[in-house]
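To keep things clear, I will list the structure first and then write my remarks on it.
Predicted, not measured: the structure shown is a model, and the values here were computed from it.
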Amino acid sequence: VLKDSGYATYMSGKWHVTKHTANDGPKFNWPQQRGFEKFYGTIHGAGSFYDPNSLTRGNQWVTPYSDPKYKPETYYYTDAISDNATMFINEHYDQQPEKPFFMYVAYTAAHWPMHALPQDIAKYEGKYDAGYGAIRKARYERMKKMGLIKPEWKLTPQAWEWGRVEEEDWEIRCMEVYAAMIDNMDRGIGRIVKTLEEQQQLDNTLILFFQDNGGCAEGLGRTPRGGLTTRPDHPTLAAMKPTDYQTDMIPKQTRDGYPTVLGTGVMPGPDGTYIAYGEGWANVSNTPFRMYKHYVHEGGISTPLVAHWPKQIRRHGEFEATPSHLIDLMATCVDVSGADYPAEFGGEAIKPMEGRSLVPAFRGEDVEREAIYWEHEGNRAIRVGDWKLVARGKNGPWELYNIAEDRSELNNLSESQPE
């Protein structure tokens, strides 16, 4: 839509909206076929941060070692996403500075696997030794003090009990790595911001930063696979060539021939491991709400949106409680760009644009809408004003909550207020 309205368009990061991920398969739904002039990233949804599967530049798979344009001394996917985004901005102002640009930067941090660089992990050593409960309580109190949540929103029950998990040192390391992953992403966003500043475009660029789900409770990689419980002390498989592609979401091996090891026998972080941080820490991440990614209770869908646009947004450092949804970002971009959303594309009628522009919310005004609807893997919800209906699974009963009073979703009003 923005390309047809005179914008240059770039994307760096995760695509994950097509079933056709193979290098030699159909590409009609790859980024460059969906309006992006330049693309660097992964077509698949998840993979190693050291050697991503389906790593692509333009329309062609590459590897971290065969990519002609980007050859860092140490390859780490989060850095690669940030660096290619800054490269696209600089190329834009070298090649077509008269055009405005739209760029979509889709990080995989902090999705599993828990992969982070040693120097980033070292910053968080000892930060999470107190365990789930103590850290969750500290976050809850800090959020109330900040004014981010209302004091009447209670802390939901704790998922896992510290002191009853078998591998405490391993669990602590999972969260240290998770924090390191976010730290690296944050610094990368800083480099993007600095690049805009150097091009004297920061004040007139709308930056929207958001996360797509709440914390993920999946246990992937937390049990051994294939009989291996520890990393061998030497390579046991043939080394891969620089041009060999990683094709699996969970790589079978590292480039130098070490098998990928899962489970508690090896600390997460380095190449050759593949571990999720688990329900205990996801519960901490979602403080004070219920449930996780996949579900549409607040713990699954409540994530912040940060908007930065000095030339147009006069509010600074304020919290805005207006609820919004992913679909609103398209409407917002169409609004601020002056683009027209078409009624048809390629000669085919298309569905009207969903969502509402968030520009009024930038000014502290209401965003008018009938309702917000969610559905994810059979879990479903509807929100009208302060009221939310939510259900787990295709056949789960509807629960009713007043979000203004009880955003933690602990007081189900479906029986007492059925009307």
Side-chain angles (χ1 to χ4, degrees), residues 1-4 7-64 66-70 75-89 91-92 101-113 115 181 184-185 188-189 192 207-213 216 218 220 245-251 274 293-294 303 325-327 329-330 333 345-346 350-351 353-355 376-377:
V1 169
L2 294 181
K3 185 179 182 182
D4 288 348
Y7 274 66
T9 54
Y10 312 112
M11 181 187 167
S12 183
K14 163 181 169 175
W15 186 234
H16 200 206
V17 290
T18 179
K19 296 177 181 178
H20 303 290
T21 60
N23 193 39
D24 56 357
K27 297 180 179 178
F28 62 89
N29 201 22
W30 283 30
Q32 288 195 319
Q33 284 65 253
R34 293 299 300 269
F36 289 99
E37 294 172 38
K38 296 180 181 180
F39 168 66
Y40 172 86
T42 43
I43 304 298
H44 198 269
S48 167
F49 283 72
Y50 300 103
D51 198 3
N53 64 317
S54 75
L55 186 64
T56 300
R57 183 172 295 283
N59 273 323
Q60 180 64 41
W61 276 16
V62 294
T63 78
S66 68
D67 183 2
K69 285 198 74 170
Y70 181 70
Y75 185 91
Y76 182 64
Y77 189 33
T78 305
D79 279 334
I81 292 171
S82 304
D83 293 344
N84 278 271
T86 62
M87 186 192 309
F88 290 158
I89 294 170
E91 288 175 351
H92 173 81
F101 78 87
F102 170 80
M103 185 165 64
Y104 172 41
V105 182
Y107 289 98
T108 49
H111 196 292
W112 47 254
H115 280 170
M181 294 169 76
N184 185 288
M185 177 181 67
I189 293 168
I192 295 171
I207 300 173
L208 298 168
F209 174 79
F210 68 103
Q211 190 74 17
D212 61 345
N213 297 287
C216 177
E218 293 170 4
L220 184 71
Y245 300 127
Q246 285 286 15
T247 57
D248 297 322
M249 184 182 75
I250 304 178
Y274 206 99
K293 174 186 173 181
H294 295 297
T303 66
H325 190 7
L326 172 65
I327 57 175
L329 300 192
M330 173 59 134
C333 290
F345 187 80
I350 60 174
K351 292 181 179 179
M353 180 172 64
E354 297 180 281
H376 190 200
E377 299 180 340

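For Y104, the OH atom sits in a loose shell: 12 or fewer heavy atoms of surrounding residues, nucleotides or ligands are nearer than 6.0 Å. In K69, the NZ atom is crowded: over 12 heavy atoms of neighbouring residues, nucleotides or ligands sit closer than 6.0 Å. Heavy atoms of other residues, nucleotides or ligands lying less than 6.0 angstrom from CD of E91 number more than 12.
By the 30° and 60° cut-offs, the orientation of the rings of H92 relative to Y10 is perpendicular.
Here Y274 contributes atom OH and D248 contributes atom CG; the two are 9.5 Å apart, rounded to the nearest 0.5 Å. In this structure, the separation between CD on Q246 and CG on L55 is 11.0 Å, given to the nearest 0.5 Å. Here the CG-CH2 distance, from N29 to W15, works out to 6.5 Å after rounding to the nearest 0.5 Å. Note that CZ of R57 and CD of Q32 are 10.5 Å apart. Values are rounded to the nearest 0.5 Å. Separation of atoms CG (D83) and OG1 (T78) is listed at 10.5 Å; rounding is to 0.5 Å. Note that NZ of K293 and CD of E377 are 8.5 Å apart. Values are rounded to the nearest 0.5 Å.
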Could you check V1 against M330 for side-chain contact (heavy atoms from CB on, under 4.5 Å), going step by step and ending with a plain yes or no? CA-CA 9 Å; V1 169; M330 173 59 134; 3.8 Å; yes
As a quick check of understanding, evaluate side-chain contact (heavy atoms from CB on, under 4.5 Å) for M185 and F209, giving each step before the final call. CA-CA 12 Å; M185 177 181 67; F209 174 79; 4.0 Å; yes
Check against side-chain contact (heavy atoms from CB on, under 4.5 Å), T303 and D212: CA-CA 7 Å; T303 66; D212 61 345; over 6 Å; no
Stepwise side-chain contact (heavy atoms from CB on, under 4.5 Å) test for I192 and I207: CA-CA 10 Å; I192 295 171; I207 300 173; over 6 Å; no
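Residues D51 and P64 have side chains in contact (heavy-atom distance under 4.5 Å, counting atoms from C-beta outward). For the pair V17 and R34, the minimum side-chain heavy-atom distance is 4.5 Å or more.
For the pair G355 and I327, the tightest heavy-atom approach, listed with the atom from each and the gap, is N-CD1, 3.6 Å. Annotation for A46 and H111: closest pair CB-CE1, 3.7 Å, computed over non-hydrogen atoms. For the pair N84 and Y70, the tightest heavy-atom approach, listed with the atom from each and the gap, is ND2-CG, 3.8 Å. Taking each heavy atom of S82 and G188 in turn, the nearest pair found is OG-CA, 3.2 Å. Of all heavy-atom pairs spanning G47 and P113, the tightest one is O-CD, 3.3 Å. M11 and F88 get closest at one heavy-atom pair: O-CE1, 3.3 Å.
No side-chain donor-acceptor contact under 3.5 Å links K14 to the backbone of T42. For S54 (side chain) and H44 (main-chain N/O), a donor-acceptor pair under 3.5 Å exists by modelled atom type. Panel note: side chain W61, backbone A22; no donor-acceptor pair is recorded below 3.5 Å. Here the side chain of Y75 pairs no donor or acceptor atom with the backbone of T63 at under 3.5 angstrom. The closest donor-acceptor contact from the side chain of K27 to the backbone of N59 lies under 3.5 Å. In this structure, T9 contributes its side chain and F102 its backbone to no donor-acceptor pair below 3.5 Å.
Not counting sequence neighbours, the partners of Y76 by the ring pair (Phe, Tyr, Trp, His ring centres under 6.0 Å) test are F49, Y50. For Y40, the ring pair (Phe, Tyr, Trp, His ring centres under 6.0 Å) criterion is met by no residue, not counting sequence neighbours. Considering only residues two or more places apart in sequence or on other chains, H16 meets the ring pair (Phe, Tyr, Trp, His ring centres under 6.0 Å) condition with none of them.
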